[in-house]
Amino acid sequence: MNAEGEPSPTSAPSPLRPPSFNVLDRLARSSPALLYTTFDQLRTLIAVAETGTALGAARTLGRDQSSVQKQLDTLNRNFSELCGEPLLHRQGRGRNVLFTATGQALAEQARNTLSEWLDAMHECRRELGGTLTVGATRYTLGYLAQAGDLVAGEFRDRGIELNVVHVRTKDLLSRLLAKDVDLVCGSVVTSHALDACDILEWRRSGLSILTNVDMEGPGNPVKASELPTLPLVVPSGGVINDFVHGWFGSDYRNRLDIVAEIDSAQYGFELLRSGLIHGYMLVTEGIGEAADDNLLHAASGLRTLALVDDLEPKLELLVGVFARRGERSSYPGGHPLNLLWEALQPEGKDFWLDMRRAGGDAG
């Protein structure tokens, strides 16, 4: 203020200062062209961006091409008004549409917006017990199916949606902690940090060896420290790889005599039975037991050797069910997560016989 009580020139608002609106103010002042844009239109825009054409989007969405094109025309008209250019241009029959820079930016924004809404709704439904997503490795899917049968009636009566997804052993804990799944059935090597998990333990075990080498080979058992002296067949990933990595470090390929690296136990069995190579295949203890008891036809004719862990760190294969630490206790007993957890409790001799047939979890 000056001496006369009038505002000083320096206190006058700058003409370049943007108006101060809160979120509600901005929405109240939004153009109808934006507010009338629907999720359905955004879904169509995403489908066109993914498939390249209105026809491709129509096929993906199960709609008439004319309906898709009408939505695109509306979006083009509205966003030309809002942004100064259309979202896309048609380029003639049989050619993909051409997205403008504005179209590319808003198609990406549409993906993010719809994904966030879907994720938020799924999370709300999950918290209220309306849906449950469970991951299982290949060898635990049967146990999960048996447990699912026990809760199927109640889940159906209460309208609970149970989703089952395949999870590879190497992704077991990361998928759980990222909240991609609410519960997983599978196996981990105990070198992994498990403090973040509630665990329903089915079995702890080590490794065994299957071999086609005759009886003049090493005796039974074999020490883990002897592995560098043997021609080995090892998986390229999974829990066996975790053992080898834990014992011999990241450069284990330079420290071991690996005659074959396989991507599945089945292939390893066939490789040894074919006689193309002679070697010692690292397997879970469960697979070794199943082969020794003639419960694993694919490994028939191969000899089982015990493997003694005489190295540090001491490693075990933990097979069971995993949930996020403390989450179950935060829900009432009737929450679907707790119901399924109880249904997965191992009971009876048949369960342990099945575990041996499946090899614990070769994952």
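As the structure is a prediction and not an experimental result, all values here were calculated from the model. Just so it is clear, the values below take in all heavy atoms, side chains as well, and ignore hydrogens, waters and symmetry mates.
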Q: Using a 3.5 Å distance criterion without hydrogens, assess whether the side chain of Asp309 forms a donor-acceptor pair with backbone atoms of Leu315.
A: yes

Q: At what distance, to the nearest 0.5 angstrom, does CD of Glu154 lie from CD1 of Ile160?
A: 6.5 Å

Q: Are any non-hydrogen side-chain atoms of Leu317 and Leu207 less than 4.5 angstrom apart?
A: no

Q: Is Arg63 atom CZ crowded by more than 12 heavy atoms from other residues, nucleotides or ligands, each under 6.0 Å away?
A: yes

Q: Got more than 12 heavy atoms from elsewhere within 6.0 Å of CZ, Arg158?
A: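 Enclosed.
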
Q: Could you give the distance from CG (Leu75) to OG (Ser80), rounded to the nearest 0.5 Å?
A: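 Rounded to the nearest 0.5 Å, the CG-OG separation comes out at 10.0 Å.
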
Q: Spell out, yes or no, whether Leu302 and Ile262 are grouped together once hydrophobic residues are joined by side-chain heavy atoms under 4.5 Å, including indirect joins.
A: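 Yes, because Leu302 and Ile262 connect within a single hydrophobic cluster, where side-chain heavy atoms sit under 4.5 Å apart.
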
Q: Within a strict 4.5 Å, meaning less than it, do heavy atoms of the Asp257 and Leu232 side chains meet?
A: no

Q: Is the backbone N or O of Ala33 less than 3.5 Å from a side-chain atom of Arg77, with the two atoms forming a donor-acceptor pair by type?
A: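 Side chain of Arg77 to backbone of Ala33, a donor-acceptor pair under 3.5 Å: no, none is there.
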
Q: Applying the salt bridge (Lys or Arg N to Asp or Glu O under 4.0 Å) criterion to Arg324, which one of Asp180, Asp182, Asp195 satisfies it?
A: Asp182

Q: Count I, L, V, M, F, W, Y as connected when their side-chain heavy atoms are under 4.5 Å apart, and connections chain through other members. Are Leu87 and Val68 then in the same cluster?
A: yes

Q: Measure from the side-chain N and O atoms of Gln91 to the backbone N and O of Asn96, and report whether any donor-acceptor pair falls under 3.5 Å.
A: yes

Q: State whether the side chain of Thr190 and the backbone N or O of Glu316 hold a donor-acceptor pair below 3.5 Å, judged by distance alone.
A: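 Yes, the answer is positive, given that a donor and an acceptor are paired below the 3.5 Å cut-off.
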
Q: Decide if atom NZ of Lys314 counts as having more than 12 heavy atoms of other residues, nucleotides or ligands within a radius under 6.0 Å.
A: yes

Q: Heavy-atom count around His166 NE2 within 6.0 Å, excluding the residue itself: above 12?
A: yes

Q: Can you find a heavy atom in the side chain of Leu227 that is under 4.5 Å from one in the side chain of Trp247?
A: yes

Q: How far apart are the closest heavy atoms of Asp310 and Ser225, and which atoms are they?
A: OD2-OG, 2.6 Å

Q: Ignoring hydrogens, what is the shortest heavy-atom contact between Phe99 and Ala107? Give both atom names and the distance.
A: CE2-CB, 4.3 Å

Q: Restricting to non-hydrogen atoms, name the atom on Glu226 and the atom on Thr229 that form the minimum distance, rounded to 0.1 Å.
A: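 Taking Glu226 first and Thr229 second, the nearest heavy atoms are O-OG1, 2.6 Å.
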
Q: Quick check against the 3.5 Å criterion: does Trp202 have a side-chain atom that pairs as donor or acceptor with the backbone of Leu344?
A: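 Between the backbone of Leu344 and the side chain of Trp202 there is a qualifying donor-acceptor contact (under 3.5 Å).
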
Q: When rounded to the nearest 0.5 angstrom, what is the spacing between CD in Gln345 and CG in Leu340?
A: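 It is 11.0 Å, given to the nearest 0.5 Å.
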
Q: What's the verdict on side-chain contact (heavy atoms from CB on, under 4.5 Å) for Ser187 and Arg203, showing C-alpha distance, side-chain angles and the deciding distance?
A: CA-CA 9 Å; Ser187 58; Arg203 171 176 179 156; over 6 Å; no

Q: The test is side-chain contact (heavy atoms from CB on, under 4.5 Å); show your working for Leu194 and Leu318 and say whether it passes.
A: CA-CA 10 Å; Leu194 299 176; Leu318 172 57; 3.8 Å; yes

Q: If you round to the nearest 0.5 Å, how far is CZ of Arg303 from OG1 of Thr211?
A: 6.0 Å

Q: Mind checking whether Leu256 and Phe248 have side chains closer than 4.5 Å, heavy atoms only?
A: yes

Q: Has Asn212 got a side-chain atom pairing as donor or acceptor with Gly275's backbone, closer than 3.5 angstrom?
A: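 The answer is no, because no donor-acceptor pair under 3.5 Å joins these two groups.
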
Q: Passes salt bridge (charged side-chain N to carboxylate O under 4.0 Å, His left out), Lys70 versus Asp73? Steps please.
A: CA-CA 5 Å; Lys70 183 177 180 181; Asp73 292 341; over 6 Å; no

Q: Ignoring hydrogens and angles, tell me if any N or O in the side chain of Ser236 forms a donor-acceptor pair with the backbone of Asp263 under 3.5 Å.
A: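 Side chain of Ser236 to backbone of Asp263: no pair is present.
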
Q: Only pairs at least two apart or in different chains count here, so list each ring pair (Phe, Tyr, Trp, His ring centres under 6.0 Å) that has a residue in residues 29-74.
A: Phe39-Trp117

Q: Locate the shortest heavy-atom distance separating Ala260 from Ile277; write the atom from each residue and the value.
A: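 Heavy-atom minimum between the residues: CB-CD1, 3.8 Å.
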
Q: A quick test of your reading: do over 12 heavy atoms of other residues, nucleotides or ligands sit less than 6.0 Å from OH of Tyr267?
A: no

Q: Could you tell me whether the side chain of Leu282 reaches within less than 4.5 Å of the side chain of Ile209, counting heavy atoms only?
A: yes

Q: To the nearest 0.5 angstrom, please state how far the CG atom of Leu106 sits from the OG1 atom of Thr37.
A: 9.5 Å

Q: Can you list the steps and then say if Cys197 with Leu173 is a side-chain contact (heavy atoms from CB on, under 4.5 Å)?
A: CA-CA 9 Å; Cys197 299; Leu173 296 183; 3.9 Å; yes

Q: Quick one: pull up CD in Glu50 and OG1 in Thr60 and give me the separation to the nearest 0.5 Å.
A: 9.0 Å

Q: Leu24: which other cluster members, linking ILVMFWY side chains closer than 4.5 Å, directly or transitively?
A: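 Members alongside Leu24: none; it stands by itself.
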
Q: Do you know which two heavy atoms are closest between Leu210 and Ala299, and how far apart they sit?
A: CD1-CB, 4.0 Å

Q: Could you tell me whether the side chain of Gln71 and the main chain of Thr44 form a donor-acceptor pair under 3.5 Å?
A: no

Q: With hydrophobic residues grouped by side-chain heavy-atom distances under 4.5 Å, do Ile240 and Val167 end up in a single group?
A: no

Q: Okay, side chain of Thr140, backbone of Ala136: is any donor-acceptor separation there less than 3.5 Å?
A: no

Q: Would you say the side chain of Val165 lies within less than 4.5 Å of the side chain of Arg175, judging by non-hydrogen atoms?
A: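 In short, these two side chains touch, coming nearer than 4.5 Å.
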
Q: Under 4.5 Å between any side-chain heavy atoms of Tyr252 and Ile258, yes or no?
A: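 With C-beta onward as the side chain, the pair touches.
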
Q: State yes or no: do Val181 and Val164 share one hydrophobic cluster built from I, L, V, M, F, W and Y residues joined by side-chain heavy-atom distances below 4.5 Å, directly or via other members?
A: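 No; Val164 is not reachable from Val181 via cluster members.
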
Q: Please assess Leu183 against Leu132 for the test side-chain contact (heavy atoms from CB on, under 4.5 Å), listing each intermediate value before the final yes or no.
A: CA-CA 8 Å; Leu183 178 149; Leu132 188 68; 5.7 Å; no

Q: Please check if Val239 and Val184 belong to a single hydrophobic cluster, counting links between Ile, Leu, Val, Met, Phe, Trp and Tyr side chain heavy atoms closer than 4.5 Å.
A: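 Cluster IDs for Val239 and Val184 differ.
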
Q: Got Phe79 and Leu45 here, is their nearest side-chain heavy-atom distance under 4.5 Å?
A: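 Not in contact.
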
Q: Judged by atom type as modelled, is there a donor-acceptor pair below 3.5 Å linking the side chain of Asp198 to the main-chain atoms of Gly326?
A: yes

Q: Which heavy atom of Ala265 sits nearest a heavy atom of Met281, and at what distance?
A: O-CE, 3.5 Å

